[in-house]
Amino acid sequence: MSFAPEYEAIIIGSGFGGAVMCARLSKRWPGQVLLLERGKAYPQGSFPRSPADLANNFWCPDDAAGNRPRHVRKQKVAKGRLLGMFDVRSFAHMDTVTCAGLGGGSLIYANVFLRPPEHTFNQHWPSQLKLATLAPYYDVAQSVLGARIIPPHQDQSDRRFILRTHQFQRFAAEQKLSSKLADIAVYFGNGYSYGKQAQATQIGLQEPNRYGAVQTSCTYCGECDIGCNVHAKNTTDLNYLHVARTVHGAKVQTQAQVQRIVPLNAQGEDDANAKGEHGYRVYFDDFEHDTVTAVTSRRVVVSAGTLGSNELLLRCRDIHRSLPAISQRLGYRFSGNGDFLSFALDSKVPVNSTYGPVITQYTDHHLFEQYDPQRAFLLEDASVPTHAAWAMAALQPVLHPWDKFKALLQVAWAAVCSLYPGRKNQQVGFLLNRLLQHDITQYSAVLLCMGQDQADGRFSLNPAGYLDLDWPQKTSQPLYDAILALGERFNRFIGGEVFLPLPTWLRPMRNNVTVHPLGGCTLADSPEAGVVSAAEADRGQVFGYQGLYVADGAIMPTALGANPAATIAALSEWIAHGITGQAPTDSLL
């Protein structure tokens, strides 16, 4: 009798790729799907907010500490290992920020659901994959994630009015650039987010969403990127994964980091010469119980995020030798999606960067209209969590040292005078006003840009056997120069005192930072061109193996310019359709 694996499918990772695959495959094989997620689950109210908790909220397990920032390595030495949410890595010319947690990158992304322009798919993409091909899958994913523009407001006194949106729109008009409200996966109530009603649910009201998970109508707190404690973000644990678990019986194991995938022979034994026809054994570290566990499955979907998927497959091919037939193109065509962060500080006009969802609009700079392949990017607005505003306030004495010194003298003089008998002691309001006036976050803007870089980076393994990255920054320099030039113009437009790129960009570091790493396991027509098949018969399957798939940002052959979440979800829906033979619906049933 032939060997029978424990599961029909194992999915590694729970972001936009893994969650889609888990929901669709568990519907096809109820109770026979296992999802493994390296991070923890974050129920409502569990995201850290105190300085101490935030300082420890980084990912750095027992191994692979070499490319983590120094402060993370120090914390790891002190605590043994860090199993927090933010996975920050430093490579040559590129730093990356990704997420570990049930929901993957959806826990900390800025909610935008945006389809890239059609011409994106004409560059290095397989010929059969076009925007029109993926359109029905984009439609389904957008409906599941409840992505719509921000609700309308009546006037500027309305709580739904977001001042920075207005200022970015004014700038776009002045520059003769197109500005559009972005579809964002934020919960504004079932009627608005899912029923297409014109009016949103009252701010702060809680109710079960269309899939049964309890959410809160957005409170406009600006904390989207550090985990929404009221569950107003439509993260994948509240839709795709919620239905997979509660309706289709998928098993989800958190704090489980996969170390190795091995094909099986007909007797169920590990056999590196097999090609997946008898299934796979997946070995993972169980952090909760401090054990190494192995499970078997008929098929495996790698959705560990661009960094995680590349590292896992590279180690399986080159270190463990368990998947030796993977294409030699593995690791090629990395892209940071042109990510670039900068600040326009201390402006003449108010911006109010602490209010509203993190992104509300995008300004098109030659990406959708008047396409320029060297300078194509989007400018998006951003909010700052209120508690981070207190840290930013420390910049005020640096920008205006004399003004702040005079204010300090006035406060000190008032305090001394209040000690004299007979003087009215009404100084509390005055002291607070002098110390807190001109909040810098109310007069500063955060500029988020992303564009079409050259996608010519390469992942490899360092001498210790863990992920490394070569990023030839100069080839994408025209894009960064264009981003900096527009940022300078924005700063002048609002009358900012200082335009400041992210400090890592300053010399001598000169590092990019990406929160949207893409590529390395790219879709292609052949193993000579990429790692994963784009053919209709084996969508998303790794060349050379049966039943082994990749579904996440790693399969992108190019930068998208647009926020990648929509395309990752759409491609995952497309791959799942190929595996299951079931066309996806937004009911998830």
Side-chain angles (χ1 to χ4, degrees), residues 16 106 109-117 131 135 138-173 177-205 209-210 215-225 228 230-235 238-239 351-353 355-365 367-369 378-383 445-450 560-567 569-570 586:
F16 291 103
S106 73
Y109 87 126
N111 315 310
V112 175
F113 192 100
L114 181 59
R115 307 172 198 215
L131 187 61
Y138 277 112
D139 291 345
V140 168
Q142 181 166 0
S143 183
V144 173
L145 294 169
R148 291 189 67 186
I149 63 172
I150 54 174
H153 60 272
Q154 294 183 347
D155 52 43
Q156 295 194 10
S157 64
D158 192 326
R159 289 179 66 194
R160 295 199 183 277
F161 173 71
I162 301 173
L163 178 59
R164 63 184 159 83
T165 308
H166 175 66
Q167 301 292 31
F168 273 77
Q169 290 172 328
R170 287 181 57 241
F171 170 71
L177 298 173
S178 171
S179 172
K180 295 183 179 180
L181 294 176
D183 288 318
I184 55 176
V186 173
Y187 189 71
F188 296 106
N190 276 328
Y192 187 84
S193 295
Y194 295 111
K196 306 305 180 186
Q197 293 179 8
Q199 296 300 315
T201 297
Q202 178 183 335
I203 290 174
L205 187 67
N209 67 16
R210 71 181 294 192
Q215 291 191 251
T216 304
S217 183
C218 181
T219 60
Y220 290 60
C221 67
E223 297 183 358
C224 311
D225 284 352
C228 181
V230 299
H231 276 184
K233 281 166 64 80
N234 296 336
T235 51
L238 302 176
N239 37 71
V351 179
N352 194 358
S353 290
Y355 190 73
V358 167
I359 291 174
T360 61
Q361 68 82 52
Y362 61 93
T363 298
D364 178 31
H365 186 277
L367 178 64
F368 288 91
E369 301 175 9
L378 301 177
L379 167 64
E380 298 176 338
D381 60 309
S383 65
V446 183
L447 284 62
L448 298 177
C449 292
M450 64 194 69
L560 299 173
N563 307 65
T567 302
D586 60 3

Q | Pairwise distance CG(Leu238) to SG(Cys228) - rounded to 0.5 angstrom | A | 9.0 Å

Q | Pairs satisfying side chain to side chain donor-acceptor pair (under 3.5 Å), at least one member in residues 147-156, at least two apart | A | Asp155-Ser157

**Q.** Chi angles and distances behind the side chain to side chain contact (heavy atoms under 4.5 Å, CB included) call for Leu114, Tyr362
**A.** CA-CA 10 Å; Leu114 181 59; Tyr362 61 93; 3.8 Å; yes

Q) If you measure from OG1 on Thr216 to NE2 on His231, what distance do you get to the nearest 0.5 Å? A) 8.5 Å

Q) Under the side chain to side chain contact (heavy atoms under 4.5 Å, CB included) criterion, do Val358 and Val446 qualify, and how do the steps go? A) CA-CA 10 Å; Val358 167; Val446 183; over 6 Å; no

Q. Under a 4.0 Å N-O cut-off, is there an ion pair linking Arg115 with Asp139?
A. yes

Q. Is it the case that Tyr220 and Arg160 place a side-chain donor and acceptor less than 3.5 Å from each other?
A. yes

**Q.** Intermediate values then yes/no, side-chain hydrogen bond (donor to acceptor under 3.5 Å, both in side chains), Gln167 and Asn352
**A.** CA-CA 10 Å; Gln167 301 292 31; Asn352 194 358; over 6 Å; no

Q: Given side chain to side chain contact (heavy atoms under 4.5 Å, CB included), test Tyr355 with Leu163 step by step and report yes or no.
A: CA-CA 8 Å; Tyr355 190 73; Leu163 178 59; over 6 Å; no

**Q.** Leu367 versus Pro117, closest heavy-atom pair with distance
**A.** O-CG, 3.7 Å

(Q) Restricting to side chain to side chain donor-acceptor pair (under 3.5 Å), what partner residues turn up for Asp183, sequence neighbours left out? (A) Gln142

Q | Non-hydrogen side-chain atoms of Ser106 and Lys233 separated by less than 4.5 Å | A | no

Q.
Looking only at side-chain N and O atoms, does Ser179 offer a donor or acceptor that is under 3.5 Å from a partner on Gln361?
A. yes

Q: Please report the shortest heavy-atom distance between Ala445 and Ser353, naming the atom on each side.
A: CA-OG, 3.7 Å

Q: Report yes or no: do Ser178 and Asp364 form a side-chain donor-acceptor pair below 3.5 Å?
A: no

Q. Say you draw a straight line from OG1 of Thr360 to CD1 of Ile162; how long is it, rounded to the nearest 0.5 Å?
A. 5.5 Å

Q: Kindly say whether Phe188 contributes a backbone atom to a donor-acceptor pair with the side chain of Ser193 at under 3.5 angstrom?
A: yes

Q | Closest contact, heavy atoms only, Ala565 versus Val112 | A | CB-O, 4.2 Å

Q: Any chance you could measure Thr235, atom OG1, to Gln215, atom CD, to the nearest 0.5 Å?
A: 6.5 Å

Q | Phe113 and Tyr138 aromatic ring geometry - parallel, tilted or perpendicular at 30°/60° bounds | A | perpendicular

**Q.** Considering all heavy atoms, the nearest Thr363-Phe168 contact
**A.** OG1-O, 4.3 Å

**Q.** Shortest non-hydrogen contact between Ser383 and Gly356, atoms and distance
**A.** OG-O, 3.3 Å

**Q.** Inter-residue atom distance Cys218.SG - Ile184.CD1, 0.5 Å rounding
**A.** 7.0 Å

Q) Roughly how far apart are Asn111 CG and Tyr187 OH, rounded to 0.5 Å? A) 15.0 Å

Q: Take Asp381 and Ile359, measure what side chain to side chain contact (heavy atoms under 4.5 Å, CB included) needs, and give me the verdict at the end.
A: CA-CA 5 Å; Asp381 60 309; Ile359 291 174; 4.0 Å; yes

Q) Are a donor atom and an acceptor atom from the side chains of Thr201 and Ser217 found within less than 3.5 Å of each other? A) no

Q) What is the ring orientation for Phe16 with Tyr109, classed by angle as parallel under 30°, tilted 30 to 60°, or perpendicular over 60°? A) perpendicular

Q. Nearest heavy-atom pair of Gly146 and Asn234: which atoms, and what distance?
A. O-ND2, 3.7 Å

